[in-house]
Participant: 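Pasting a structure below so you can have a look.
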Amino acid sequence: MFSSSSSSGKKASPQQEMVQVDRSDSGSPFWRAPQKDAPLKKTTTRDSGKVVGAAYSHADMLKFDSLNLSNAGSRPRTPPPSSSALGRTTSNSTASPHIKGVTSPPFQNYMNFITSTNEDWAADDADDVYAYEDDGDDDFGLPSLSSMKRRSRRIAAQTEQGTSRGTATNTLTDATGRRYSDSADIAIERPASTYPMPKKTEGKILRPQYRDILRDPANALHLINHPSVPPNASQKEIDAVNSRITRINKFKKILQASTIPLNDLRALAWSGVPEEVRAMTWQLLLSYLPTSSERRVATLERKRKEYLDGVRQAFERAGGAPPPSTGKGGGGNRGLDEAIWHQISIDVPRTNPHIELYGYEATQRSLERILYVWAVRHPASGYVQGINDLVTPFWQVFLGTYITDPDIESGMDPGQLPRAVLDAVEADTFWCLTKLLDGIQDHYIVAQPGIQRQVAALRDLTQRIDAGLAKHLEEENVEFIQFSFRWMNCLLMREISVKNTIRMWDTYMAEEQGFSEFHLYVCAAFLVKWSDKLVKMDFQEIMMFLQSLPTREWTEKDIELLLSEAYIWQSLFKGSSAHLKGQPSSRANSLNFQL
């Protein structure tokens, strides 16, 4: 249960509530405070002991050429990539062409860099420096984008007139807007946040019946439009359409029952869930929704209200007096844990940067709230990098329920939807993410023992399945932790597209221990799939190959084949340590794969 807290004194507009913090102007309390009365440097070189910050976000790599950057709408637009920006991403040895005489900083190793930045949180008089009393905040106490821009313009005007009163930082700015600062905080160097513009002609609009779906997801079952048979279709295509219609009707029959039989639903979901019924099916399989239709509406209303109350308690200001901060240094009057929020605010903009949906402001602010509230409710683990990936399949599936076209990865800005819809999607995502992580929380506590255990089990399982591959990896001094840690931490989401991950999770949720046990066998099947190529590679080639696997063109059929192979390995080896040959008995007894 969330702890009580007094409510915010100021109500922001709905537009402000979903606005992401523009951190490029250092208006957030989570960055290093600028020194007062610090004149702008006139020298064109930097102290060799300081590091020029680099942009953390992968958004610079995006190509928005295919988007409609028309003049319609007032939302900020992503500028077209310039040659100077490309030059910076391809060479670290040349200075920015827009700042004469400025050269790249010397390379420093990681420990030296950490040493030079570990005091960045210690900001004195942060309340004075950031002038919170003048900020325009949203309902959760976060500064709005418009207030950040107003403050930026005010500081710029004061600097130009030579009347700055201690709010300007020692910075140089190039023609592209990137700021070079004396601050050792790398986040201060990031450019202003920019977001894509949706195309207006793609027909991805809100369902008129969205209020009924908000009340009870079962109401969406009546809105399903069965696929039609295309003209001049072959017999194979006609059979595929008829098979899909039959499958949808089987799910509808189960989901419309007064008491839903979960065993029947699991058996049907193992081989995939149609996107029209996926949201409700996932919520039932994760035990977020009750199986009784009579309790469903009240449960949804209660859980969504509990989450929204928790968000307000986590982010709002504590009346007139600043609450004690649980993090380090300044920013105390917002009551945030700055260490957690700082990492989340870095990771969210680089989550699925190649997908337009995750570049929108409303999407990023929603993910930030989900991850932060989960982190403060689970102090044993807190936020760990990789959890930001796990939240996206839920968010995408649940949002698609309210849209006429479930394929929402492009062409639709969630910020244009009613607030009630976004609140429901956010709350449902939070609770389902919580259910998932409850089963694998030892992956994210100190020392991550769950991941360590699964990596060791993967090594031993590979020896059983493909002894030649296991021997070759050992001869090349390839440690399984070097490549499979990410497979366990992110559940293969960095190797497989979001759409294919969603299909894979259909099966994971149908398995009783899908994320904690069955995933091991999926990783084993995934590794041995590349055996013929790996045994011909040396150490460097193996590591490069496994870090960038050729799965970009994978389809749902490839995922189903992978899942089928994993099921075979699970049937053969789960709990069967007797399959080990020539191993010490004590070793064999420990390898029962009951994770």
Side-chain angles (χ1 to χ4, degrees), residues 217 247-248 251 254-255 262-263 265-289 351-352 355 357-358 367 370-371 374 386-401 406-409 425 428-441 443-444 450-451 454 486-526 551 554-567 570 595:
R247 189 164 180 76
I248 291 174
F251 273 94
I254 293 177
L255 297 176
L262 282 184
N263 288 336
L265 185 61
R266 285 195 182 98
L268 192 58
W270 204 100
S271 54
V273 182
E275 59 189 9
E276 294 87 348
V277 296
R278 180 172 278 133
M280 184 176 178
T281 301
W282 279 18
Q283 291 170 357
L284 285 162
L285 293 177
L286 288 169
S287 300
Y288 170 52
L289 285 183
T351 300
N352 297 328
I355 299 178
L357 174 66
Y358 297 97
L367 299 185
I370 292 168
L371 294 170
W374 186 89
I387 299 179
N388 58 304
D389 292 311
L390 305 185
V391 74
T392 56
F394 293 120
W395 205 89
Q396 189 165 320
V397 167
F398 297 157
L399 182 64
T401 305
D407 183 10
I408 57 173
E409 288 191 349
V425 170
D428 295 347
T429 298
F430 170 82
W431 289 116
C432 288
L433 175 70
T434 300
K435 291 284 187 180
L436 184 159
L437 293 177
D438 282 349
I440 56 173
Q441 192 164 359
H443 284 35
Y444 305 106
I451 292 180
Q454 281 203 319
R486 188 173 74 179
W487 297 3
M488 306 302 179
N489 189 66
C490 302
L491 299 180
L492 288 175
M493 285 201 63
R494 301 288 177 88
E495 284 67 37
I496 297 174
S497 69
V498 177
K499 286 184 178 179
N500 287 334
T501 296
I502 289 172
R503 167 61 191 92
M504 193 161 64
W505 283 18
D506 290 342
T507 300
Y508 280 20
M509 292 183 198
E511 288 277 338
E512 290 188 6
Q513 301 294 332
F515 295 96
S516 59
E517 292 186 11
F518 186 68
H519 178 68
L520 167 66
Y521 299 94
V522 172
C523 289
F526 191 61
T551 58
W554 273 27
T555 64
E556 188 172 303
K557 293 296 183 183
D558 295 298
I559 297 299
E560 290 175 349
L561 179 60
L562 179 69
L563 293 170
S564 298
E565 292 170 350
Y567 180 77
Q570 179 178 247
L595 300 181

Participant: Is there a side-chain contact between Leu284 and Leu255 in this structure, where contact means two heavy atoms from C-beta onward sitting under 4.5 Å apart?
Facilitator: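 They are in contact (side-chain heavy atoms under 4.5 Å apart), so the answer is yes.
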Participant: Given side chains that start at C-beta, do those of Asp506 and Trp270 come closer than 4.5 Å, heavy atoms only?
Facilitator: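 Side chain of Asp506 against side chain of Trp270, heavy atoms only: no contact under 4.5 Å found.
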Participant: Locate the shortest heavy-atom distance separating Val277 from Val273; write the atom from each residue and the value.
Facilitator: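 Smallest interatomic distance, heavy atoms only, reads CG2-CG1, 3.8 Å.
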Participant: Step by step, would you call Thr392 with Met493 a side chain to side chain contact (heavy atoms under 4.5 Å, CB included)?
Facilitator: CA-CA 10 Å; Thr392 56; Met493 285 201 63; 3.4 Å; yes
Participant: Applying side chain to side chain contact (heavy atoms under 4.5 Å, CB included) to Ile370 and Trp395, what does each step give before you reach the verdict?
Facilitator: CA-CA 10 Å; Ile370 292 168; Trp395 205 89; 3.9 Å; yes
Participant: Hey, is the main chain of Glu495 close enough, under 3.5 Å, to the side chain of Thr551 for a donor-acceptor pair?
Facilitator: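 Yes: the side chain of Thr551 pairs with the backbone of Glu495.
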Participant: Under a 4.5 Å cut-off applied to non-hydrogen side-chain atoms, are Phe515 and Leu437 in contact?
Facilitator: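 Side-chain contact under 4.5 Å: no.
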Participant: From Leu436 CG over to Trp431 CH2, what is the distance, rounded to the nearest 0.5 angstrom?
Facilitator: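 If we round to the nearest 0.5 Å, Leu436:CG and Trp431:CH2 are 15.0 Å apart.
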Participant: Could you go through Ser271 and Arg247, starting from their C-alpha distance and side-chain angles, then the distance that decides it, and tell me whether this counts as side-chain hydrogen bond (donor to acceptor under 3.5 Å, both in side chains)?
Facilitator: CA-CA 11 Å; Ser271 54; Arg247 189 164 180 76; 2.8 Å; yes
Participant: Give the C-alpha distance, both sets of side-chain angles, the deciding distance and a yes or no for side chain to side chain contact (heavy atoms under 4.5 Å, CB included) between Asn489 and Tyr444.
Facilitator: CA-CA 8 Å; Asn489 189 66; Tyr444 305 106; 3.3 Å; yes
Participant: Within a reach of under 6.0 Å around OH of Tyr567, are more than 12 heavy atoms found that belong to other residues, nucleotides or ligands?
Facilitator: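 Result for OH/Tyr567: open.
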Participant: Between Gly400 and Ile408, what is the shortest heavy-atom contact and its length?
Facilitator: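 Gly400 and Ile408 have their closest heavy atoms at N-CD1, 3.7 Å.
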Participant: Going from NE2 on His519 to CZ on Phe526, what distance comes out if it is rounded to the nearest 0.5 angstrom?
Facilitator: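 It comes to 10.0 Å.
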Participant: Please answer whether the main-chain N or O of Gly386 pairs with a side-chain N or O of Asn388 as donor and acceptor at a distance below 3.5 Å.
Facilitator: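 Side chain of Asn388 to backbone of Gly386, a donor-acceptor pair under 3.5 Å: yes, one is there.
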Participant: What are the two closest heavy atoms between Ala510 and Leu285, and how far apart are they?
Facilitator: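 Between these two residues, the closest heavy atoms are N-CD1, 4.3 Å.
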Participant: How long is the straight-line distance from CD of Glu275 back to CG of Asp407, given to the nearest 0.5 Å?
Facilitator: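 Reported value, rounded in 0.5 Å steps: 7.5 Å.
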Participant: Is any side-chain heavy atom of Glu512 closer than 4.5 Å to a side-chain heavy atom of Glu517?
Facilitator: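 Of all side-chain heavy-atom pairs linking Glu517 with Glu512, none is under 4.5 Å.
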Participant: Please round to the nearest 0.5 Å and tell me the distance separating atom CZ of Arg266 and atom OG1 of Thr281.
Facilitator: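 Nearest 0.5 Å value for the CZ-OG1 distance: 12.0 Å.
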Participant: For a quick test of reading the model, state the closest non-hydrogen atom pair linking Cys490 to Asp389 and the distance between them.
Facilitator: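 Taking every non-hydrogen atom into account, SG-OD2, 3.7 Å.
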Participant: Looking at CZ of Phe394 and CD of Gln283, how far apart are the two atoms once the value is rounded to the nearest 0.5 Å?
Facilitator: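 Answer rounded to 0.5 Å: 10.0 Å.
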Participant: Could you walk me through whether Trp487 and Gln454 satisfy the side-chain hydrogen bond (donor to acceptor under 3.5 Å, both in side chains) test, starting with their C-alpha distance in whole Å, then the side-chain angles of each, then the deciding distance to 0.1 Å, before giving a yes or no?
Facilitator: CA-CA 10 Å; Trp487 297 3; Gln454 281 203 319; over 6 Å; no
Participant: Salt bridge or not for Arg503 and Glu560, using N-O below 4.0 Å?
Facilitator: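 Glu560 and Arg503: salt-bridged.
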Participant: Could you pull out the closest heavy-atom pair between Leu286 and Cys432, with the gap in Å?
Facilitator: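 Result for this residue pair: CD1-CB, 3.8 Å.
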Participant: Heavy-atom distance under 4.5 Å between the side chains of Glu409 and Tyr358, does that happen here?
Facilitator: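 They are not in contact (no side-chain heavy atoms under 4.5 Å apart), so the answer is no.
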Participant: Parallel, tilted or perpendicular, judged at 30° and 60°: which one describes the rings of Trp282 and Trp505?
Facilitator: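 The rings of Trp282 and Trp505 sit tilted, inter-plane angle from 30° to 60°.
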Participant: Considering only NZ, NE, NH1 and NH2 on the basic side and carboxylate oxygens on the acidic side, decide whether Glu556 and Lys499 come within less than 4.0 Å.
Facilitator: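 No, this pair does not count.
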Participant: Is Met504 close to Asn500 at the side-chain level, that is, under 4.5 Å between some pair of heavy atoms?
Facilitator: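 Result no, sub-4.5 Å side-chain heavy-atom pair not found.
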Participant: Is there a side-chain contact between Tyr508 and Leu563 (heavy atoms, below 4.5 Å)?
Facilitator: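 Yes - at least one pair of side-chain heavy atoms lies under 4.5 Å apart.
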Participant: Rounded to the nearest 0.5 Å, what separation is found between the CD1 atom of Ile496 and the CD1 atom of Ile559?
Facilitator: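 Going from the CD1 atom of Ile496 to the CD1 atom of Ile559 covers 4.0 Å.
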Participant: Could you go through Trp374 and Thr434, starting from their C-alpha distance and side-chain angles, then the distance that decides it, and tell me whether this counts as side chain to side chain contact (heavy atoms under 4.5 Å, CB included)?
Facilitator: CA-CA 7 Å; Trp374 186 89; Thr434 300; 3.4 Å; yes
Participant: Is any side-chain heavy atom of Trp554 closer than 4.5 Å to a side-chain heavy atom of Ser497?
Facilitator: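 Not in contact.
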